[in-house]
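Here the structure is laid out as structure tokens; the discussion comes afterwards.
Residue indices begin at 1 and follow the sequence shown.
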Amino acid sequence: MAKNSFLLHILLFFVVILSLFYGILSQYELEELTWLDDKDDEISMFHSQHSSMRKCDFTSGKWVFDQSYPLYDSSCPYLSTAVTCTKNGRPDSDYEKWRWKPHDCEIPRFNALEFLGRMRKKRIMLVGDSIMRNQWESLVCLIQSVIPMARKTVTYVGPTMAFHAMDFETTIEFCWAPFLVELKKGPENKRILHLDMIEENAKYWRGADVLVFDSAHWWTHSDKYSSWDLIMEGNSFYRNMNPMVAYEKGLMTWAKWIDLNLDPRKTRVFFRSMSPRHNRENGWKCFNQREPLEFFSHPHVPEPLLVLKEVLRGMSFPVSFQDITTMTALRRDGHPSVYSKFVSQTGKQHLGDYKSDCSHWCLPGVPDTWNEMLNVML
């Protein structure tokens, strides 16, 4: 009680001093102090909302139909032909209008100007395979419409491409590195996957303010479509190695590089979980699907996801894990299927002649939700 009374007297003393101090301030300075107080209230409110979002389980929810979506259309000039499903002749468009609703919160609608304001003078880099390229195109299309044509451009350096929002001094980059570790050509043109080498890829990641990684699909290709001929670790070569053992070793090399080379006070790092494929039945499982699944009768956790979580747990660097696997697995309707290339009216009479892509995603579409979630996590 005596201690509390002493603190109360100290507080009253400072109140008196401050009141005398305010008496000699100009009206302008008083208004400045008032403005700061108002902003502090807004900041407190923002942090309160942010704190509640951090507690929300984004992985548990459902897809809800929302006529106010999509947030852009397939005329976005930064989209690859393979994902502009509407332009390619897909007859339905409802796949563009589903948004993810977690059970315990709402994911805010993406606001391009707000995002660019927070990312002013920052480098954002998405690193991984063609599914990450899918996500990069989505993010660029989500923001590009608020930027005048003369104030945006795309540049290419090595395995990277970068969208520049000049007035904000913001770049959104994609770096092609499907294994994260290095895949090189060896003798007899053999493809050699080096499980303990990464710098040739990682040199492009240095200096980024936000890094978003994914790597899984290329590790799980079947023998017929294997992405490498030999695996090398140290001075040893392997013709056969369990893909998940190789995946863990490659991730460990990535994790060590992150731990040793990045400062969490300067760089935010995210790892997005694998995007599920609906490739069974010879790649036709996603064909002609028009709406999401509501639930799974037998939920399945992919083995790469278990390996990834274990590696992330062992890191000293605080990597944020973005789990999109379960929510995305419900969206078998969101793939290009046969509409990864233009299908004419005549071609629609012979759709069996076309290859069905049940791995990538139509845009606008599912990756827009990943980016809305990423925006919240940022």
N242: side chain to side chain contact (heavy atoms under 4.5 Å, CB included) partners, not counting sequence neighbours: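 For N242, the residues satisfying side chain to side chain contact (heavy atoms under 4.5 Å, CB included) (neighbours in sequence not counted) are M244, V245.
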Which residues satisfy the side chain to side chain contact (heavy atoms under 4.5 Å, CB included) test with R109, sequence neighbours excluded? S68, Y69, L71, E372
Heavy-atom closest contact ([X] atom, [Y] atom, distance):
X	Y	answer
P336	C85	CA-SG, 3.6 Å
Y95	P364	CE1-O, 3.5 Å
L180	N201	O-ND2, 2.9 Å
W100	T59	CZ2-O, 3.6 Å

With clusters defined by side-chain heavy atoms of hydrophobic residues (ILVMFWY) lying less than 4.5 Å apart, directly or transitively, does [Y] cluster with [X]?
X	Y	answer
V181	M197	no
V311	L260	no
V366	M377	yes

For the residue pair [Y] / [X], report whether a side-chain donor-acceptor contact shorter than 3.5 Å exists.
X	Y	answer
S273	T325	yes
N371	Q135	yes
S275	W361	yes
S74	T86	no

Measuring from atom [atom1] of [X] to atom [atom2] of [Y], what distance do you get when rounded to the nearest 0.5 angstrom?
X	Y	atom1	atom2	answer
D196	H194	CG	NE2	8.5 Å
R120	D167	CZ	CG	8.5 Å
E233	L193	CD	CG	10.5 Å
R268	L262	CZ	CG	13.0 Å
K122	T170	NZ	OG1	8.5 Å
D66	R99	CG	CZ	5.0 Å

How are the rings of F110 and F115 set to each other: parallel, tilted or perpendicular (split at 30° and 60°)?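 Aromatic pair F110/F115 classed tilted.
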Once the angle between the rings of W205 and W257 is folded into 0 to 90°, is it parallel (under 30°), tilted (30 to 60°) or perpendicular (over 60°)? perpendicular
Can you sort out the partners of Q322 under side-chain hydrogen bond (donor to acceptor under 3.5 Å, both in side chains), two or more places apart, ordered by chain and number?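 Q322 satisfies side-chain hydrogen bond (donor to acceptor under 3.5 Å, both in side chains) with no other residue.
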Sorted by chain and residue number, the side-chain hydrogen bond (donor to acceptor under 3.5 Å, both in side chains) partners of T155 (sequence neighbours excluded) come out as H164
Looking only at atom types and distance, does a side-chain atom of [X] sit under 3.5 Å from a main-chain N or O of [Y], one as donor and one as acceptor?
X	Y	result
S226	W228	yes
D104	C56	no
T84	K87	no
D357	S337	no
W136	I172	yes

Please determine if R331 and E291 form a salt bridge, counting it only when a charged side-chain N lies under 4.0 Å from a carboxylate O.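 Result for this pair is no, no salt bridge flagged.
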Are E294 and K62 ion-paired here, with the side-chain N under 4.0 Å from a carboxylate O?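 No, this pair does not count.
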By the definition ring pair (Phe, Tyr, Trp, His ring centres under 6.0 Å), identify the one residue from W254, F317, F321 that meets it with F213.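 Testing F213 for a ring pair (Phe, Tyr, Trp, His ring centres under 6.0 Å) against W254, F317, F321 leaves exactly one candidate, W254.
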Taking only residues at least two apart or on different chains, which pairs with a member in residues 141-163 satisfy ring-ring contact (aromatic ring centres under 6.0 Å, His included)?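 Found Y78-F163.
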Salt bridge (charged side-chain N to carboxylate O under 4.0 Å, His left out) with D92: which residues, sequence neighbours excluded?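 In terms of salt bridge (charged side-chain N to carboxylate O under 4.0 Å, His left out), with neighbours along the sequence ignored, D92 is linked to R90, R290.
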